[in-house]
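This report refers to the structure that appears directly beneath it.
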Amino acid sequence: MLITFCLWSFLLYSFSVQAAAQCKSIPGSSGWPSLMDWNEFNTTVKGRLLKPDPPAATCHDDYDSYSLIRCAALKIKFLDSTWHAAHPTSNMWQNYNNYSCTPTSESCTGSGLPIYVVEAHEPMDVKAAVDFARTKNIRLNIKSTGHDFLGRSVQPNSLSIWTHHLKTTQWHEKSFSPKGCDLVIDGPAVTAGSGSQWGELNAEADKRKLALVSGGFNSVSLGGFLSNGGHGGLSAKYGFGADMVLQIELVTPSGEIITANECQNTDYFWAMRGGGGSTYGVALTYTLKALPTFRTAMWIGFASGWDEIAYLHSQWPKLAAVGASGYMMGYLPLITAVPFYVTLPNATIRQLKSILDPITDSLDGWGVDDPPAAGNSSRLSGRRGNYTEFDSWGQAEPHVHSRQDKTNDSTQGLYKRAQEGITDYFPGMGSNKLLVSWLYSAADVQHPNLKEALKAALSESGTIYLNDATMGVGTQNPPYLRGGGNAVNPALRTAVMRPAAEMQWLGNDPAVWTKKREVAQKLGASLRSISPNGGTYANEADPDTPNWQHAFWGSNYDRLLRIKKMVDPEGVFYCRRCVGSEFFEDHDGILCRK
Ligand SMILES: Cc1cc2nc3c(=O)[nH]c(=O)nc-3n(C[C@H](O)[C@H](O)[C@H](O)COP(=O)(O)OP(=O)(O)OC[C@H]3O[C@@H](n4cnc5c(N)ncnc54)[C@H](O)[C@@H]3O)c2cc1C
């Protein structure tokens with residue numbers, strides 16, 4: 001009786017909320033399409049409309065797919081990003097989908113997940129889905145891989161466009177002419193489907209002896225990466241991924257298929273290179289500038305103890321100034337040692353050494369003696385780490401060609417492990433995640449309180465430190481940027497690094513989630529204390545970042561909002577903490593205009 005009463009109260013509440021505040025339709029509401037409508041729509045998209053079971057249905061006996069054997073296998077696959085990317089609705093972080101269905105959850109529902117999915121294979125599938133969602137007033141979601149750290153690729157009660165299969169590639173060997181422009185852009189380029197993942201695209205580039213500005217993780221796709229900037233090992237020298245975009249084909253909120261470049265649809269071209277995904281349209285393809293591949297020099301070493309860690313940060317601007325990128329990672333509460341590596345593209349070991357040796361000379365490393373390098377210069381291997389060099393930039397399969405003798409095997413092994421560490425496994429995959437970050441400029445890392453701020457940001461037990469120090473001269477003055485600029489956060493332009501504290505935990509207790517969000521505020525405040533007016537990288541940030549509009553887009557926000565209102569007045573696209581999302585409210589999965 002009580003349950004029936006509560007159900008009715010909830011339904012009445014939901015429907016009144018929908019009516020009063022221009023809400024998107026939900027299943028059961030009067031505006032939700034009939035089965036016949038869905039069937040017709042399925043015909044339009046050539047049978048590509050799916051109503052998928054929740055991701056871990058095979059582990060739950062209320063689903064037909066229940067199987068103890070398959071469930072045992074899924075428990076392992078759930079830690080693998082490629083599995084989540086290949087599932088129509090799964091996203092990697094369960095705290096953003098209402099912990100709907102994991103291999104170990106007590107129950108399995110679709111409560112935090114899209115209801116229907118269009119498995120898009122061609123532009124017309126995307127167009128049809130946008131048209132259907134707009135005309136039927138349905139919440140629209142876009143999922144490519146489900147990597148998103150803010151849960152922006154999973155939405156309840158939605159129709160989702162799954163872009164994972166948009167993977168066409170067309171290579172332009174010598175030059176590229178943007179559509180409708182009377183100009184030729186010299187040099188190689190590639191037009192790739194927005195669902196392409198960096199591992200596969202880099203492998204193709206590698207075969208052609210080309211390099212692309214991409215991230216450190218193979219399974220991330222172009223769609224989310226490029227739409228907010230996108231940084232990687234080449235960025236400090238050549239710019240962000242978004243700076244390499246020459247053209248975008250997209251479906252607009254009104255269902256048009258258009259091309260945006262420096263000559264036409266320039267607002268889209270500007271906004272969709274840094275202003276966020278799922279906001280102005282669905283990207284179908286990106287044309288990216290490619291670079292002839294080059295040798296790259298690399299260092300792998302360690303900084304140990306808070307003094308050395310802070311010192312390393314303070315020295316980083318010297319590396320950023322020559323276009324070297326690097327990563328620091330560590331599980332600091334237990335071992336106060338940070339492994340870090342540095343890559344200097346298009347350079348030799350000698351060139352990297354001349355900048356790095358004076359910095360690493362002050363590091364004590366592990367505090368134990370590594371075996372001295374036999375044969376070649378003793379400076380190539382020592383207490384603090386090792387140099388190596390690879391002769392082609394292709395992250396899918398880096399060709400490590402050592403300039404050293406056998407002692408360098410350990411360097412190669414370490415390099416490979418580092419590479420595997422960031423390509424096959426990521427802390428917390430399949431469980432819950434909160435990533436707290438802030439950007440530091442060359443001036444910020446000289447701040448007298450830097451060490452204390454970093455320590456406090458890592459104070460929560462189980463927090464991992466991950467610093468992507470991938471910004472530098474190339475992101476400050478991107479050499480290949482077209483169209484007079486793009487919407488990349490100005491704070492990313494002045495940054496040299498993006499330190500982050502990452503929390504991951506298991507379980508589905510909402511009280512723990514609330515507590516973690518509180519802790520994230522504390523850790524974030526500590527990182528922000530070094531640069532209170534700065535910002536962060538919207539793809540790798542806490543969704544509760546205060547004043548997120550400014551933090552994610554700085555002075556670009558006003559123009560982005562103007563463009564959003566102009567191209568999407570009906571609010572066809574929405575996602576959490578995306579431009580214009582402040583005009584919507586999510587009442588337990590019911591999305592309403594405020
Ligand atoms: C393990 C891991 C490693 C990472 N490494 C890096 C890194 O090295 N460098 C870096 O810059 N970032 C990195 N990231 C962050 C990454 O860039 C973001 O998570 C990004 O959002 C992923 O994009 P996606 O398309 O793969 O994921 P999704 O979660 O599917 O999509 C992300 C967002 O983009 C939107 N979107 C996706 N495709 C389209 C499209 N075609 N049109 C419009 N909107 C679209 C989605 O709706 C969503 O809002 C990493 C993330 C993870 C989890």
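The shown structure was predicted, so the numbers you read here are calculated from the model rather than taken from an experiment. Atoms within each ligand, like the ligands themselves, are counted from 1 in listed order.
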Next on the checklist: Looking at non-hydrogen atoms alone, which of Gly223, Gly281, Ser227 comes nearest to atom 43 (C) of ligand 1?
Outcome noted: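 When every heavy atom of Gly223, Gly281, Ser227 is considered, Gly281 comes closest to atom 43 (C) of ligand 1.
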Item to check | Heavy-atom nearest option to atom 51 (C) of ligand 1, drawn from Phe149, Phe225, Phe217 | outcome: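 Looking at heavy atoms only, the winner is Phe149.
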Against ligand 1, does [X] come closer than 4.0 Å with any heavy atom?
{"X": "Gly232", "value": "no"}
{"X": "Gly276", "value": "no"}
{"X": "Glu540", "value": "yes"}
{"X": "Tyr537", "value": "yes"}
{"X": "Gly230", "value": "yes"}

Checklist entry - Got a sec, which residues hit ring pair (Phe, Tyr, Trp, His ring centres under 6.0 Å) with Tyr537, two or more places apart in sequence or on another chain? => result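 Tyr537 satisfies ring pair (Phe, Tyr, Trp, His ring centres under 6.0 Å) with His231 only.
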Can you tell whether the side chains of [X] and [Y] come within less than 4.0 Å, N to carboxylate O?
{"X": "Glu122", "Y": "Lys46", "result": "yes"}
{"X": "Arg576", "Y": "Asp544", "result": "no"}
{"X": "Arg593", "Y": "Glu570", "result": "no"}

Is [X] in polar range of ligand 1, meaning some N or O pair under 3.5 Å apart?
{"X": "Ala283", "result": "yes"}
{"X": "Leu222", "result": "no"}
{"X": "Ser153", "result": "yes"}

For [X], take its heavy atoms, then give the atoms of ligand 1 lying under 4.0 Å from any of them.
{"X": "Ser144", "result": "25 (O), 30 (O), 37 (C), 38 (N)"}
{"X": "Gly146", "result": "27 (O), 28 (P), 29 (O), 30 (O)"}
{"X": "Gly277", "result": "44 (N)"}
{"X": "Thr145", "result": "24 (P), 26 (O), 27 (O), 28 (P), 30 (O)"}
{"X": "Ile142", "result": "39 (C), 43 (C), 44 (N), 45 (C), 46 (C), 47 (O)"}
{"X": "Ser278", "result": "43 (C), 44 (N), 47 (O), 49 (O)"}

Indicate whether the side chain of [X] and that of [Y] have a donor and an acceptor atom separated by less than 3.5 Å.
{"X": "Asn98", "Y": "Ser100", "value": "no"}
{"X": "Gln504", "Y": "Ser431", "value": "no"}
{"X": "Asn202", "Y": "Ser214", "value": "yes"}

Item to check | ligand 1 contact on Ser194 by region, counting heavy-atom pairs under 4.0 Å | outcome: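 Within the 4.0 Å criterion, Ser194 contacts ligand 1 through side-chain atoms alone.
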Item to check | Which residues share a side-chain hydrogen bond (donor to acceptor under 3.5 Å, both in side chains) with Ser90, sequence neighbours left out | outcome: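 Here the qualifying residues are His84.
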Next on the checklist: Parallel, tilted or perpendicular: which one describes the rings of Trp299 and Phe340, with boundaries at 30° and 60°?
Outcome noted: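 The rings of Trp299 and Phe340 sit tilted, inter-plane angle from 30° to 60°.
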Next on the checklist: Do Arg517 and Trp513 form a cation-pi contact, if we require the NZ or CZ to be under 6.0 Å from the six-membered ring centre and within 45 degrees of the ring's axis?
Outcome noted: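 Flagged: Arg517 positioned over aromatic ring of Trp513.
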Checklist entry - With a distance cut-off below 6.0 Å to the six-membered ring centre and an angular limit of 45° from the axis, does Arg559 pair with Tyr557 as a cation-pi contact? => result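 No, Arg559 and Tyr557 do not form such a contact.
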